[in-house]
Every structure is written in C-alpha cells, then in structure tokens.
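We count ligands from 1, going down the list as the structure has it; atoms in each ligand are counted the same way. Along the sequence shown, residues are numbered consecutively beginning with 1.
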Amino acid sequence: MPSEPQAAAGRGAAEPQAAEPPPAVESLLTARLTAEVEALDAADPLRAFRDRFTLPEGVLYLDGNSLGALPAHTPERIARMVEQEWGRGLIRSWNEAGWYDLPRGLGDRIAPLVGAAAGQTVVCDSTSVNLFKVLTAALRLRPDRRVIVSELGSFPTDLYLTEGAGVGYDRRLLDRDGDTLEQLLDQDVAVVLLSHVDYRTGRLQDMAAVTELVHRHGALMVWDLCHSVGALPVRLDACEVDFAVGCSYKYLNGGPGSPAFLYAAARHHDAASQPLTGWFGHADPFAFEPGYRPADGIGRFLTGTPPLLSLAGLQAALDLWDEVDLTALRAKSLALTSLFLRLTEPLGLPSLTPQDPEQRGSQVSLRHPQAYAVMQALIERGVIGDFRAPDVLRFGFTPLYLSHAEVRDAAEALREVLVSEVWREPRFAAVAGAVT
Ligand SMILES: *Cc1c(COP(=O)(O)O)cnc(C)c1O
C-alpha cells in the first residue's frame, strides 16, 4: 500500500471540514449502464491481459500509476533467477544467464514503448539518480548557458534534482498561473526539464511542440516519462527529444523499486559525459584500468552493478509489454478515464484532469475538501486509489487489467461514499494537508 495512510496513522482525528451537502445522485447500478459497460468489455481488444495479472479478490485497483500490479508469471521468473541462475549458476550467470547484458537489453525492450530506436535506452538506478545524470550531461553540452527551467508543480524529486545538478546555476520555474514557457526561454537557458504527464493533475503535454519550442531557443529538452510510459504511446525520436527518464514500477508493473530507464538521443552520445563515472559505464570494465574512459554509445550512462533480482521482475513485466498494441492501449485508457469522468460528473467534484482527451494522461484527479477521509472510506470498500495533498483524490486507470465494468463500480463506490457521507466517521479522519 502507498505510504500515505501509514504516515497518517496516529496523527489523531481532525474535525471534518465543512463540505457541501452531497447532491442526490441516483445509483449507477442500472440495467442500461450494465449493458453499456458489458458491451464495451466484450469489444475490448486488451481484455485477455487481465488474466495475466494476480490481483487480490475484492480489490478494485486504481493505483497502478503509483505501484503497478503483479504479473502472474513474475514470481516464477524471480524464483528462477534466485534458484537456478544465482543458486546454481553462481558467478557464471553474468555471462551464461545474460546478466551483464540486461541493462542494455531491457532498455531496448522499453525503447518501442517510448518511440526510441535501439541503442539509446538503458535500465539502471532510480529515476532520481538518472535525472542527476542526464541533467548534468545536458548542462555540460551547453557550457555557455547558466539557467535551468522546470515547473513549480513537478514531482518534488525532479525539482530537488535541478538543485543538486544545478549548483551554481539559476533556476526559472514555470507556474501555470503565471508565465508561459516561451516567456521563460532565452539565450541563457541550457536545459528544460518537464513531466510529460503531470503526476498530480494527469495533464499531458504536447511533447512535439514543447521540444520544438525549447530547441528554437537553443536549449536541450529532458522529459520525465514516469506517468506516460505504459500509459500512452511516446515518440521520443520523432520529437527529437534530447534526454528522458522514467520509472518501471508504475504502469510498466516491474515491481516495487524496480530500476528506472534513461534515454539519450544517439546524436549526443559522443559528446555527452555524465557525472557518475562508475565502472559499468567504462569502455572496458574488465580491463580494471586506473582511469575512466566512457563506453561508446548509451553504455556510458551506466554506473554500477545492476540490481538483478529487481531486473528479473521487470524482465517478466516486459514479456507482457512485448505483446501490447499501444494504439489500442491509448484508446482504452481514454475510454476508461472518459467513462469515469462522465459517471462522476454529477457528484460535483471539481476535476484537475483535463476534459479534452488530447491533454489527458491515464489518470483522473478530483478535488474534495476532505479528500483524505473520502479516499480512506473508498479503500475500506476495496477501491484503492490515492490521496495527494491537500485535497486530491487520484485514480489511475491501467488498461491492461481494468475493465469498463470496474470503472463503473469504482464510480458507484465513490457515489455511495459521498451520498452516505460515511467518510465523516472518525476512523477515516486525518489532518488535511498533513500527509504528503
Ligand atoms: C514516481 C516519480 C518519480 C520517482 O522517482 P524515484 O527516483 O523512482 O523515487 C520521479 N518523477 C516523477 C514525475 C514521478 O512520478
């Protein structure tokens, strides 16, 4: 489970804040709606993927954008690495079981999901560490420029890393209520870092247009794909993106803490240098030379020994992704989020997520003054989404293991929680805004 509820435990109950009386919305369990969602599920080209995940009975999981579900064959794959490759193969498995090649090999299996030709993507480290590497590499490619641009509402680690990588640099932060990106760009800007899909609102950026704008001002573009990879098709090469990072434990279902990926466009490989110059990124790691020489190509972005047991989980998850049609994935994602927005609209909760499908990732974020308590009441009913301070109910829609009928059931659970006002019961209370 996400850490928020545990973090809140023991904080004591807060007085429920005044919330509008609930509108008298009728039950969604109607014959007409049942027929509609059943027809949509019968026509769903991705429906067979549901059986390839293990989900607990009675749980309706809308948090795959935070921690993806367990693919059914992952335990067997991890057990095989433990028992055979490690237990019996021992050190021979670096070659015989292909361990050494996994960071590049799994990178090339993620590449089609992000629109990258082979040889530009590696799997390694965490998103945060990879951000440090690509931000520093990008800054070094623009040595005469002293400004990093990012967005105030970014996931905090992204902002923190612009501080860590940008010591001695100025920072300009885009605030959606203030300047436009174009107003922040000039000859001093070296790098722009943005999230393709915003983690809080689910807003999707126009990657092609933004990257083109940034390049017109001579800066380099770094995209964070944590909420887009596995949620919608991404076109890194076609958009001429410079660098990108993303995690594999959200929509990709690689497992808790599974390593992240890093993309660097081939045109930058020779000139790019990254700061974490460990032996895995060396041109000849087994020569044990005293000095660092970067590997050719994307390999220079590697640092140290990969976490192999975690890579086994990601390897299993990618077996599924090898089979997914991303056009069908995007169509279903939008069908699910549109259905949820439509069915919850009468409840009157303001949506942070754009109504326009072209500007929407694969989540829906609704606001409620007591969002924490409402989410706790939903979780008690088996509908797992998450809470983001101060007042956001966040629901992730994963097209591989969610049905239209489940989306209807989730909307009905939310309706019941609001209309019954069960969320006012003290056991659901927490200090609003105290949990982040
Ligand atoms: C989830 C997420 C991260 C996670 O970074 P870690 O290093 O894996 O902890 C980073 N950026 C964004 C936008 C995220 O949504």
Side-chain angles (χ1 to χ4, degrees), residues 1-4 7 62-69 103 106-107 110 113-114 122-136 148-165 173-174 176 191-205 207 210 221-232 234 236 241 243-263 274 276 301 303-304 306-307 310-311 313-314 317 352-353 360-365 385-389 392 394-398 436:
M1 273 305 304
S3 58
E4 292 92 277
L62 302 179
D63 218 355
N65 53 336
S66 206
L67 176 63
L106 295 184
I110 288 178
L113 303 177
V114 293
V122 275
V123 168
C124 55
D125 305 309
S126 64
T127 298
S128 301
V129 171
N130 288 333
L131 271 170
F132 185 71
K133 291 191 270 191
V134 299
L135 284 171
T136 305
I148 303 177
V149 170
S150 192
E151 189 173 8
L152 189 61
S154 297
F155 188 79
T157 207
D158 297 49
L159 289 174
Y160 304 158
L161 266 305
T162 62
E163 292 182 36
L173 294 181
L174 182 64
R176 282 192 181 278
V191 180
V192 177
L193 165 65
L194 294 174
S195 286
H196 189 210
V197 174
D198 185 278
Y199 81 104
R200 220 169 62 88
T201 64
R203 179 181 294 276
L204 170 66
Q205 297 263 14
M207 177 176 279
V210 171
M221 186 71 219
V222 178
W223 285 106
D224 184 322
L225 305 179
C226 282
H227 288 271
S228 24
V229 66
L232 47 108
V234 180
L236 292 177
V241 169
F243 298 97
V245 296
C247 48
S248 69
Y249 52 79
K250 294 175 181 167
Y251 290 94
L252 290 187
N253 313 308
S258 63
F261 66 91
L262 178 160
Y263 163 92
Q274 58 97 356
L276 301 179
F301 284 91
T303 296
S310 292
L311 284 180
L314 177 56
L352 285 174
T353 303
R360 200 190 303 150
S362 201
Q363 74 182 58
V364 172
S365 297
D386 61 27
F387 163 77
R388 286 291 177 268
V392 180
R394 197 176 70 150
F395 302 96
F397 294 87
T398 47
T436 54

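- Expressed to the nearest 0.5 Å, how far CG of Leu236 lies from CE of Met207 amounts to 5.0 Å.
- In terms of modelled atom types and a separation under 3.5 Å, the side chain of Thr303 and the main chain of Leu276 share a donor-acceptor contact.
- Near Ser126, meaning under 4.0 Å from one of its heavy atoms, ligand 1 places the atoms 7 (O).
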Check against side chain to side chain donor-acceptor pair (under 3.5 Å), Ser150 and Thr162: CA-CA 8 Å; Ser150 192; Thr162 62; 5.5 Å; no

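- For the pair Tyr199 and ligand 1, the shortest N or O to N or O distance does not fall below 3.5 Å.
- Ligand 1 places these atoms under 4.0 Å from at least one heavy atom of Asp158: 10 (C), 11 (N), 12 (C), 13 (C).
- Summary of contacts: the protein heavy atom closest to atom 7 (O) of ligand 1 is Ser128 OG, 2.6 Å.
- Counting only heavy atoms from C-beta outward, the side chains of Tyr251 and Ser362 approach each other to under 4.5 Å.
- Side-chain N or O atoms of Asn130 include none that pairs as donor or acceptor with a backbone N or O of Gly246 at under 3.5 Å.
- In terms of N/O distances under 3.5 Å, ligand 1 is approached by Tyr249.
- Within the 4.5 Å cutoff, the side chain of Val114 has heavy atoms near those of the Leu225 side chain.
- Contacts of Thr127 with ligand 1, taken as heavy-atom pairs under 4.0 Å, involve both backbone and side chain.
- If you check which protein heavy atom lies closest to atom 12 (C) of ligand 1, you get Asp224 OD2, 3.4 Å.
- Within the set His227, Lys250, His196, the minimum heavy-atom distance to atom 2 (C) of ligand 1 is found for Lys250.
- With rounding to the nearest 0.5 angstrom, the OG atom of Ser154 is 11.0 Å from the OH atom of Tyr160.
- Heavy atoms of Leu131 found under 4.0 angstrom from ligand 1: none, in either backbone or side chain.
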